[in-house]
Structure formats: C-alpha cells, structure tokens
Amino acid sequence: MTYLGQHVEITEQDAGWIGIWWHEGGMIQLGFFSNAPDAWQAVTELIQRDLAVRCLLSVIDEWREHDQIDDVEYALGVNSLVEFVLA
C-alpha cells in the first residue's frame with residue numbers, strides 16, 4: 001500500500017498487527033496493535049508528522065542560509081522537530 005507516496009505494509013503476527021513504513025532511511029516498524037486499522041493509523045500519523053517536519057526543516061534551513069538564525073538556534077530547532085516526529 002502507499003500513503004502520501006510512502007510504501008506502507010500492515011501485517012499480522014502472533015502477538016498482533018504491526019505497521020511497517022519503508023522510509024528512505026530503512027524500515028520503520030510499529031507494533032503490536034490489536035487490529036489492522038490501529039496499525040494503519042499509527043503508521044499514517046508518523047508519516048504525517050514526518051512530512052510536516054520536513055516542510056518546517058526547509059524553512060529553518062532557509063532562515064539559516066539568510067542568517068536569520070544562528071547555528072545554536074538552528075540546532076535547537078532541528079532537535080525539537082526530530083523529537084516531535086519520534087514522540
């Protein structure tokens with residue numbers, strides 16, 4: 001299956017359902033869920049957060065290029081955005 005152009009798999013295993021997102025950096029596996037819709041929702045929410053963060057990262061990259069923020073502000077912004085995706 002695909003969601004927002006990303007390859008997603010939902011599979012059933014002994015302990016329940018798992019959601020797999022084939023991210024450009026490799027496979028991200030989320031599980032175990034009691035049903036397939038819950039696994040699907042978890043994966044799609046992660047993809048949505050990732051997309052939002054990528055858009056915001058492009059904005060702070062531009063700010064940095066135009067000296068609107070310094071390296072410390074940039075690093076803090078990037079770290080906060082990455083934590084948002086992983087939360």
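- Trp17 and Ala39 make their closest contact through CB-CB, 4.2 Å (heavy atoms, listed as atom of the first residue, atom of the second, distance).
- Here the closest non-hydrogen pair linking Ile60 and Ile69 is O-CD1, 3.8 Å.
- Nearest heavy-atom pair, Arg54 versus His23, reported as atom, atom and distance to 0.1 Å: NH2-NE2, 2.9 Å.
- Note that the CG atom of Asp50 and the CD1 atom of Ile28 stand 7.0 Å from one another [nearest 0.5 Å].
- Under a hydrophobic clustering in which Ile, Leu, Val, Met, Phe, Trp and Tyr are joined whenever their side-chain heavy atoms come within less than 4.5 Å, directly or via other members, Trp40 and Ile20 fall into different clusters.
- Using a 30° and 60° split on the angle between ring planes, Trp22 and His7 fall in the tilted class, from 30° to 60°.
- Here the side chains of Leu51 and Gln48 are not in contact, with every heavy-atom distance at 4.5 Å or above.
- No continuous path of hydrophobic side-chain contacts links Leu30 to Phe32 [ILVMFWY only; heavy atoms under 4.5 Å].
- Residues Trp21 and Leu46 form a side-chain contact, since some pair of their non-hydrogen atoms from C-beta on lies under 4.5 Å apart.
- For the atom pair Arg49 CZ and Thr44 OG1, the distance stands at 9.5 Å (nearest 0.5 Å).
- Other residues, nucleotides and ligands contribute only 12 or fewer heavy atoms inside 6.0 Å of the CD atom of Gln41.
- In the hydrophobic cluster analysis, where Ile, Leu, Val, Met, Phe, Trp and Tyr join through side-chain heavy atoms closer than 4.5 angstrom, Val8 is grouped apart from Met27.
- Between Arg64 and Asp71 there is a salt bridge, since at least one side-chain N of the basic residue sits less than 4.0 Å from a carboxylate O of the acidic one.
- Applying the ring-ring contact (aromatic ring centres under 6.0 Å, His included) test to every pair with at least one member in residues 45-86, sequence neighbours left out, gives no pairs at all.
- Leu4 and Ile10 fall within the same hydrophobic cluster, where Ile, Leu, Val, Met, Phe, Trp and Tyr residues are linked whenever their side-chain heavy atoms come under 4.5 Å apart, directly or through other members.
- Residues Ile18 and Gly31 share a closest heavy-atom pair of CG2-CA, 3.9 Å.
- Counting only residues at least two apart or in different chains, side-chain hydrogen bond (donor to acceptor under 3.5 Å, both in side chains) contacts with residues 78-87 are absent.
- Shown here are the side chain to side chain contact (heavy atoms under 4.5 Å, CB included) partners of Leu56, two or more places apart in sequence or in another chain: Leu81.
- Of the possible donor and acceptor atoms, none in the side chain of Glu62 sits under 3.5 Å from a partner among the backbone N and O of Val59.
- When hydrophobic clusters are built by joining Ile, Leu, Val, Met, Phe, Trp and Tyr residues whose side-chain heavy atoms come closer than 4.5 Å, directly or via intermediates, Leu57 is not grouped with Leu76.
- Of the inter-residue distances, the one linking Asn35 atom CG with Glu12 atom CD reads 10.5 Å to the nearest 0.5 angstrom.
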